[in-house]
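The structure appears right after this line, and notes come after that.
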Amino acid sequence: MERTTIIDGAQVDEPVATHEVRGGGGLRLHVREWGEREGRPIVLVHGWSQSQMCWSRQIAGPLADDFRLVTFDLRGHGMSEKPLDAGPYVDARLWADDLHAVIEHLELDRPVLVGWSYGGYVVTDYLAAYGETAVAGVDLVGGAVLRTPTFEHVGPGLLENAGDACGPDLPTSIAAMLRFLRACTARPLGDHDWSTALCWNMVVPSEVRGALFAREIDASELLSRLSVPVLVTHGLADAIVLPAMAEHVLEVCPTARASWYENVGHMPFVEDSGRFDLELAELVRQVA
């Protein structure tokens, strides 16, 4: 296998497989597999205005030695299909069907679902629609499970920039995404991470960014009924999804346990990837 993908100046394996999967409503999703095809499966679900490329450390790191890693671009993001009207983004069942389609198409046997930020909504949408039978465990990474009219669980890094980021004026949108990206981490990203992340954020149309805010969400009742293990991975310096969101999960979900990251913001898998990978591996082995 050629090693031609460059991440932080190092060569890493190309995906072991690339798929086009038809999700909810027939929407086309871009899906990639990494790592050990015979290993326990992990599905990594990214957040608002992001891309599967955010998991670069995981697909290039020790997780890939032992596990089957699956990444995909959410509807409206990255290399997946991007309809511009709000309809394809406001129905929770469509998001659930997307994740279900990925699991079914790749024939994943009881994967662990990792939901970062908005990915927490997608994971809980799936669990609400399809149940937990086909899932071994969940890792909510700065994961959002509530979206209320007052946004009390969401931080200023998102609230102060979302309006401009969702508007039609490109210079205004770029400036907002620059501010948002700076707010995602407790310490500045390196040049490569910064420039790459800005690129994948700007690939998402502003109309899609806005549509993702168009529904109210409350997964509390679902979380209260879960029996699979839930790891709550959260940076104490998170200014996008506040630690209060994680505290809510811990309060309502009987199977949840916390992993708090000091001096880390909204991206623990980047800011402290070594610890993140180790804890995720421990979760997967626990439920194997």
Side-chain angles (χ1 to χ4, degrees), residues 39-47 54-55 57-58 61-63 66-70 99 103 108-128 130-147 152-155 185-186 217-288:
R40 295 292 304 161
I42 302 172
V43 182
L44 300 155
V45 187
H46 70 75
C54 71
W55 306 110
R57 283 168 172 76
Q58 284 63 55
L63 286 173
D66 297 321
F67 303 112
R68 183 184 183 188
L69 306 181
V70 176
L99 185 47
I103 293 171
L108 302 180
D109 180 19
R110 298 186 70 242
V112 167
L113 305 180
V114 180
W116 172 44
S117 197
Y118 199 95
Y121 293 144
V122 179
V123 168
T124 53
D125 286 339
Y126 167 83
L127 293 170
Y130 291 97
E132 62 180 58
T133 305
V135 173
V138 173
D139 188 357
L140 294 173
V141 185
V145 299
L146 289 172
R147 190 288 200 190
E152 64 264 34
H153 298 86
V154 180
T185 56
I217 305 165
D218 187 346
S220 302
E221 197 274 332
L222 163 74
L223 290 167
S224 73
R225 295 186 281 105
L226 285 185
S227 62
V228 297
V230 177
L231 178 61
V232 180
T233 301
H234 214 104
L236 288 170
D238 194 337
I240 307 298
V241 176
L242 296 177
M245 187 80 76
E247 291 167 352
H248 176 77
V249 174
L250 295 167
E251 180 180 347
V252 300
C253 180
T255 62
R257 62 180 178 86
S259 179
W260 297 107
Y261 284 62
E262 292 190 16
N263 303 314
V264 166
H266 193 49
M267 303 177 75
F269 53 92
V270 171
E271 297 174 82
D272 194 347
S273 59
R275 174 182 166 185
F276 176 86
D277 291 358
L278 179 62
E279 293 182 347
L280 179 53
E282 289 174 347
L283 173 64
V284 177
R285 293 188 177 105
Q286 171 194 342
V287 299

Q: Give the C-alpha distance, both sets of side-chain angles, the deciding distance and a yes or no for side-chain contact (heavy atoms from CB on, under 4.5 Å) between V249 and L223.
A: CA-CA 7 Å; V249 174; L223 290 167; 4.2 Å; yes

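- Rounded to the nearest 0.5 Å, atoms CG (D218) and CZ (R147) are 12.0 Å apart.
- Side-chain atoms of T233 never come within 3.5 Å of backbone atoms of S259 as a donor-acceptor pair (strictly under, hydrogens ignored).
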Q: Determine, step by step, whether W260 and H234 satisfy the side-chain contact (heavy atoms from CB on, under 4.5 Å) criterion, reporting the C-alpha distance in whole Å, the side-chain angles of both residues, the deciding distance to 0.1 Å, and the verdict.
A: CA-CA 5 Å; W260 297 107; H234 214 104; 3.7 Å; yes

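- L236 contributes atom CG, which lies 11.5 Å from atom CG of L242 (distance to the nearest 0.5 angstrom).
- A donor-acceptor pair under 3.5 Å is absent between the side-chain atoms of E271 and the main chain of T185, judged by distance alone.
- For the pair R275 and Y261, the cation-pi criterion (under 6.0 Å, within 45° of the ring axis) is fulfilled.
- Here the side chains of L99 and L113 are in contact, with some heavy-atom distance below 4.5 Å.
- R68 has its side chain within reach of L108: a pair of non-hydrogen atoms, C-beta onward, lies under 4.5 Å apart.
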Q) Going through the checks in order, is the side-chain contact (heavy atoms from CB on, under 4.5 Å) test met by F276 and V141? A) CA-CA 10 Å; F276 176 86; V141 185; 3.6 Å; yes

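- Results of the side chain to side chain contact (heavy atoms under 4.5 Å, CB included) test with V138 over V287, L127, L231 single out L127 as the only residue that passes.
- The shortest side-chain heavy-atom distance between R285 and D66 falls under the 4.5 Å cut-off.
- Remark: the backbone N or O of E132 is not paired with any side-chain donor or acceptor of Y126 at under 3.5 angstrom.
- Under the 30°/60° scheme for interplanar angles, the aromatic rings of W116 and W55 are found to stand perpendicular.
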Q: Go through R40 and V112 one step at a time and tell me if the side-chain contact (heavy atoms from CB on, under 4.5 Å) criterion holds.
A: CA-CA 8 Å; R40 295 292 304 161; V112 167; over 6 Å; no

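- Taking each heavy atom of G47 and S117 in turn, the nearest pair found is CA-CB, 4.1 Å.
- With a 4.5 Å cut-off on side-chain heavy atoms, C54 and V270 do not count as touching.
- Expressed to the nearest 0.5 Å, how far NE2 of H153 lies from CD of E247 amounts to 8.5 Å.
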